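Computed from heavy atoms alone, side chains included, the values below leave out hydrogens, waters and symmetry copies. Treat the numbers as computed from the prediction; the structure is a model and nothing was measured.
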Amino acid sequence: MLSGQILDAMITSCENAKTVLRQAAIDPSDRKTLNISMGASVAAEFLGRTPEALSKAEARGRLPAPKTSANGRRYYTVEDLIAIREALGIKMGKLPSERAVVVAVQNFKGGVSKSTTGKHLADYLALRGYRVLVVDCDPQASMSVMFDVNLEALVDETHTLSNFLSPRIDEADSLRKTIQKTAWPNIDICPANLGLQDTEWELTATIEEGPTAIAGAFRMLRIGLEEVRHDYDVVILDPPPAMGFLGVNTLTAADGLLIPVPARQLDYLSTIHFMQTCREAMDLVSKFDTSIDYGFIRVVCTMFQPSRTNEAQMLQVMEKTYAGQMLSTPILLSEEIKNAGLSMSSIYEINKPYGSHQTYVRCRDNLNMVFREVEKDICKQWPSRMAQLGTDRLTEAA
């Protein structure tokens, strides 16, 4: 059998299996639904209040009576959090006049938990009350799958990210038309689709067209995001695991970088190469656009197993050599994250732990600590929130 026929047979078999896997992982209905419920203490943490404060507001009629389970326990949904913020005047995110902060979760080595970290960050920020846009720039479309985008339906769709970025499209379409709703009320997504790899090749072809075409190809995503940056608080980019034209587009569009790196020697060495390549890409792009600068660059250790001596030692090396840019809390390796991923969900989307409740809570609390640091870096990019943070520090000092 010829190689092409072998590949055709494999593709057909895999496509059939994909349908089965999708039906097993997600409810047989075609769309993922959000069914998150949380107790008063968890809800209060995301709201920045105490359970007692919520209870008092409910008793005084400022908030409606909470939902209660069969055992009388109060619980809240994502929609409840949004309603509570509105009722109590809890303002999150930027002012209408300010622009969304664009964060690229980037590392071109595979298997470093890039898309998983980006997905959990998006869900965390949504629970905290921010309006989030996720832009999947990876032809593998892992992020799109986790948000339950029907990739097959995008094959003949004309309003896609690949069409928008393609230099062969004479009149670039609106990036806004590529955006879809997700099951989350405050997360939208610009999904990847099957034509994105072709777009990478088309962007590469602009090299033959001279400096002006190259400059435009590097900044396509950045220009497109300008159209929607007042509609969201945070834009999360999920780049491809390579530094081609798509990867450079994400670097050019970003205000901040979050670099996931496991505490393993090969990943550490690969990330050094990634950072060198980023620097070279920035030098190249600066020839066409001198305004590119990052408000923050952070490294987060992912899939960390503190009981492993070699990983603990590697973490110490990372903390010493990443020039103070490393998040203080690593993301711990957890079966809860792995099992949630099997159902194409994040930890924040599941109500019932796969293992013990204690393991689930430890995993969720660990992620909250990690993303709380990223949230602070994001807030520092808005002048209005910087002033608020300064006031909070003075209050704490007093």
Run the salt-bridge test on Glu226 and Arg99 with the 4.0 Å N-O cut-off and return the result as yes or no. yes
Pair Arg176 + Asp231: basic N to acidic O under 4.0 Å: yes
Could you check if a side-chain atom of Cys363 sits within less than 4.5 angstrom of a side-chain atom of Leu332, using non-hydrogen atoms only? no
Distance-only polar pair, side chains of Tyr348 and Asn368, donor-acceptor under 3.5 Å: yes
For Ser162, is there any backbone N or O sitting under 3.5 Å from a side-chain donor or acceptor partner on Ser166? no
So Ile337 and Thr116, do their side chains get closer than 4.5 Å, heavy atoms only? yes
Are the charged groups of Arg229 and Asp255 less than 4.0 angstrom apart, N to O? yes
If you draw the axis of the six-membered ring of Tyr76, does the NZ or CZ of Lys67 fall within 45° of it and under 6.0 Å from the ring centre? no
Answer yes or no: is there an ion pair linking Lys376 with Glu373, defined by an N-O contact shorter than 4.0 Å? no
pair His273-Gln276: side-chain heavy atoms closer than 4.5 Å: yes
Is it true that a side-chain atom of Asp238 and a backbone atom of Cys137 form a donor plus acceptor pair closer than 3.5 Å? no
Between the side chains of Asp80 and Tyr75, is a donor N or O closer than 3.5 angstrom to an acceptor N or O? no
For a 4.5 angstrom cut-off between non-hydrogen side-chain atoms, does Tyr322 reach Met275? yes
Does the pair Glu58/Arg74 count as a salt bridge with the N-to-O cut at 4.0 Å? yes
Enter the distance from Glu311:CD to Gln305:CD here, rounded to the nearest 0.5 Å. 4.5 Å
Are the side chains of Leu165 and Leu221 in touch, meaning some heavy atoms are under 4.5 Å apart? yes
Is there side-chain contact between Pro185 and Val78, with at least one heavy-atom pair below 4.5 Å? yes
Donor-acceptor side-chain pairing of Ser69 and Asn71 below 3.5 angstrom: yes
Which residues pass the side-chain hydrogen bond (donor to acceptor under 3.5 Å, both in side chains) test with Tyr130, not counting sequence neighbours? Glu375
Are the side chains of Arg298 and Leu257 in contact, using a 4.5 Å heavy-atom criterion? no
Does Lys119 come within less than 4.0 Å of Glu349, counting only side-chain N to carboxylate O? yes
What's the spacing between Asn35 CG and Lys352 NZ if we round to 0.5 Å? 13.0 Å
Any non-hydrogen side-chain atom of Gln106 less than 4.5 Å from a side-chain atom of Leu258? no
